[in-house]
Amino acid sequence: MTAQASSPAAVTSVFIRLKLSLLRNGLRQSGGRRAAYIASAVAVLLFAALQLIGLIALRGFAHGDSLVVLLVAVLGLGWAVMPLFFPGGDETLDPTRLVMLPLRPRPLVRALLAASLVGTGPLFTLCMLAGSVIAVAHGGAAFAVGVVGVVLALLLCATLARAVAAANVRLLTSRKGRDLAVLSGLVVAVGAQLVNFGAQRLGSSGLEQLDPAADVLRWVPPASAIGAVDAASDGSYGVAAAQLALTAAALVLLLRVWARHLTRLMTSPDGSTLQTDGRPARERTATGLARLLPAGRTGTTMERTLRYVWRDPKTKAAWVTSLAIGLIVPVFNAWQGTGSVYFACFAAGMLGIQMYNQFGQDTSAFWMVAMTISSTRDAYVELRARALALLLVTVPYATLVTVLTTAMLGDWRTLPEALGLSFALLGAMLATGAWTSARFPYSIPQEGHRNVAPGQVGLAWISIFGGMVGAALLCAPVIALMIWLNVSAGGDVWDWLLLPVGTVYGAGMTVLGLRLAAPQTARRLPEILTAVSKG
C-alpha cells in the first residue's frame with residue numbers, strides 16, 4: 001500500500017466504498033433479498049418522516065422538551081444494544097476481518113466511523129435528532145447549538161455501537177455469543193408492553209410525569225446534546241456549553257475505548273491459536289435432569305428435545321419469545337387493572353405453538369430420527385416423548401402464570417376455571433401440533449433470521465394458523481361448559497369442576513392427536529424428510 005493510498009482520507013474513502021459494495025453485493029444475491037431490503041428501507045424512511053413531522057408538531061407544547069430528551073436517550077440505548085442483538089446485521093462490525101491489513105488504530109477508527117454513518121439506521125437517527133432540535137429550539141443561538149449537538153449526538157451513537165461491538169467481538173462471533181440474539185424477542189416483547197403501559201399513563205396523567213426523569217437524562221449523553229439546545233433556548237448559555245462539552249467528552253472517551261479495543265484485537269491471539277494443556281477431556285455421564293427422565297426411547301427423545309431448546313439458537317429464540325409474551329400479556333394487563341384471569345391462557349397458548357413443525361426443528365438432522373422409525377408404534381413414541389418434553393416446561397409455567405395473574409387481580413374464585421381452560425387449550429394445541437407436524441412440515445433455515453425456507457411460507461401458514469384455529473374449535477366444549485356453569489348452574493358452587501374437566505379433556509385431546517398423527521408420520525417419512533431438509 002502506497003503512502004498516498006494509506007493516508008487517513010484515502011483509507012476512509014476505501015471503507016465507505018467497501019460499505020456501499022457490501023450493500024450492493026448483498027442485494028444482488030437474490031430478488032427476494034433485494035425486495036425485502038427495499039421494503040424495509042422504505043418502511044424505515046417513512047417512519048422516520050412521520051417521526052420528524054410529529055416532533056416538529058410538538059414544538060411549543062408544554063413539557064415537550066422532556067419527551068424529546070427521553071426519546072434521544074432511548075435512541076442512544078438502542079444503538080448500544082444493537083450489536084449485541086444483531087451481530088450479523090452489519091459485516092463491518094467485526095474488525096477481526098481486518099487484522100491482516102497494515103492499518104493503524106486511529107485511521108481505522110476514522111474509517112470505520114465514517115462507514116458506520118452509511119445506511120438507513122444513521123439516516124433515521126439523523127431525522128430523529130433534527131426533529132428533536134426543531135421541537136425545542138427557539139432563537140438563532142439555540143439552532144446554532146442544535147447543529148453542533150446533532151453532529152455530536154450522531155457521532156456518539158455510531159461510536160457507541162462500534163465500541164460495544166469491538167469490546168464483545170470475540171463473544172459475538174462465537175456460538176454462545178450469537179445466542180444473545182435470542183434476547184431480541186424478549187426485549188421487543190417487554191419494550192412493546194412498557195411503551196403501551198407508558199403511553200396509557202401519559203394519556204391519563206400528562207407529559208409532566210416525564211420531567212423528573214428528563215431532568216436527570218439531560219446530563220447523560222447523547223440526550224445531553226438536546227438538553228443543551230433546550231438550555232440555550234432558555235438563555236442558559238453556560239448550562240448549554242457544559243452539556244455540549246459533556247457530550248463531546250463522552251465522544252472522545254468512547255473513541256479512545258474503541259481504539260484500545262481495536263489495538264487489542266489486532267495484536268492479541270484468540271482462542272483458536274492457543275494450545276491446550278494436552279489433558280484428555282473428562283468423560284461425560286448422565287447428570288441432572290437426564291437422570292430423572294424415563295429410560296429407553298422416550299427419555300432419549302425428551303432429552304434431545306430439551307437440548308435443542310437450550311442449544312439451538314432458532315429454537316431457543318422461539319422459546320424465549322413465547323415465555324416472555326406468555327408472561328407479559330397477562331401480568332401487564334393485570335398490573336394496569338384492565339386484565340382478566342383468562343388472559344393467563346396466553347402462557348399455555350404461546351408454548352403450545354412450539355409443538356407445531358416438530359420435525360422441521362430438527363432440520364436435515366431429522367434423517368437420523370427417521371432411521372429409527374419403522375412402524376406406527378415408533379412414530380407414536382417419538383411424538384409422545386416430544387409432547388412430554390414440552391409438557392415438562394409448559395404445565396408448571398402455565399400454572400405459575402395463572403396463579404400470579406390471579407393474585408394480582410385478587411380473583412381467586414376463577415382460578416380453577418382459568419387453569420382448566422389453560423390445560424384444555426394446551427392439550428388441543430399438542431394434538432393439532434402433532435398432526436400438522438406430520439401433514440405440513442417445513443424447513444427452518446439454519447442461517448439468517450428467516451424462520452421458513454423459500455417456497456414453504458404457505459405450508460407454515462397452514463401448519464401454524466390452521467392448527468391454532470383447530471385447537472380453538474377443539475376447546476369449544478370446555479368453553480361452553482364454563483359459560484353454562486357461570487350462567488345457568490350457579491357458577492360459584494361448581495366452578496372447581498373446570499379444573500379436573502379441563503385437565504382430563506386436554507390429556508384426552510393430546511392422546512387422540514398423537515394417535516392420529518402417528519400413522520401419518522410413519523407413512524409420510526420420505527415426504528417429511530424432503531420437506532424439512534430444504535433449508
Side-chain angles (χ1 to χ4, degrees), residues 1 5-30 33-49 51-52 72 75-98 101 103-133 147-169 172-173 222 225 251 254-255 258-259 261-262 265 448-449:
M1 184 178 291
S6 61
S7 64
V11 172
T12 301
S13 175
V14 168
F15 271 77
I16 292 176
R17 294 199 304 270
L18 174 62
K19 181 67 175 288
L20 294 174
S21 297
L22 288 173
L23 291 175
R24 183 173 60 254
N25 293 336
L27 296 178
R28 289 176 176 175
Q29 290 185 4
S30 66
R33 182 168 180 171
R34 182 164 53 252
Y37 180 82
I38 294 174
S40 62
V42 170
V44 169
L45 294 178
L46 179 61
F47 184 67
Q51 289 293 315
L52 179 61
V72 175
L75 192 64
L77 179 62
W79 276 89
V81 302
M82 180 185 64
L84 299 178
F85 291 148
F86 304 102
D90 185 355
E91 292 85 349
T92 63
L93 281 175
D94 185 4
T96 57
R97 302 184 181 188
L98 310 173
L101 299 178
L103 297 173
R104 293 186 179 275
R106 287 188 179 180
L108 183 59
V109 164
R110 283 193 292 266
L112 288 175
L113 181 58
S116 65
L117 297 178
V118 177
T120 55
L123 181 58
F124 173 81
T125 304
L126 180 61
C127 291
M128 297 289 287
L129 293 173
S132 300
V133 169
V147 172
V148 179
V150 166
V151 174
L152 289 176
L154 180 60
L155 293 175
L156 181 64
C157 289
T159 305
L160 181 60
R162 292 287 179 172
V164 171
N168 298 278
V169 68
L172 295 177
T173 54
L251 176 59
L254 281 174
L255 287 171
W258 182 16
H261 283 296
L262 280 178
L265 287 171
H449 299 284

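Since this is a predicted model, take the numbers as computed values, not measurements.
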Let me see the working for S21 and R17 under side-chain hydrogen bond (donor to acceptor under 3.5 Å, both in side chains), right down to the final yes or no. CA-CA 6 Å; S21 297; R17 294 199 304 270; over 6 Å; no
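- In plain terms, the two heavy atoms of P222 and G76 that are nearest each other are CG-CA, 4.0 Å.
- Remark: L155 CG to L255 CG distance equals 8.0 Å, nearest 0.5 Å.
- In this structure, the side-chain contact (heavy atoms from CB on, under 4.5 Å) partners of V44, at least two apart in sequence or on a different chain, are T120, F124.
- The side-chain contact (heavy atoms from CB on, under 4.5 Å) test applied to L45 returns L123, not counting sequence neighbours.
- Side-chain contact between L108 and F15 is present, with heavy atoms from C-beta onward closer than 4.5 Å.
- Of all heavy-atom pairs spanning P122 and L154, the tightest one is O-CD1, 3.9 Å.
- Looking only at side-chain heavy atoms (C-beta outward), R162 and L112 come within less than 4.5 Å of each other.
- Under the 3.5 Å distance criterion, the side-chain polar atoms of K19 are left unmatched by any main-chain donor or acceptor of S116.
- With sequence neighbours left out, the side chain to side chain donor-acceptor pair (under 3.5 Å) criterion links T159 to no other residue.
- Considering only residues two or more places apart in sequence or on other chains, A114 meets the side-chain contact (heavy atoms from CB on, under 4.5 Å) condition with T12, I16.
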Would L113 and W258 count as a side-chain contact (heavy atoms from CB on, under 4.5 Å) here? Give the steps. CA-CA 10 Å; L113 181 58; W258 182 16; 3.9 Å; yes
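- The line from CG of L152 to CG of L129 is 10.5 Å long, rounded to the nearest 0.5 Å.
- Take A130 and apply the side-chain contact (heavy atoms from CB on, under 4.5 Å) test, not counting sequence neighbours, and it matches no residue.
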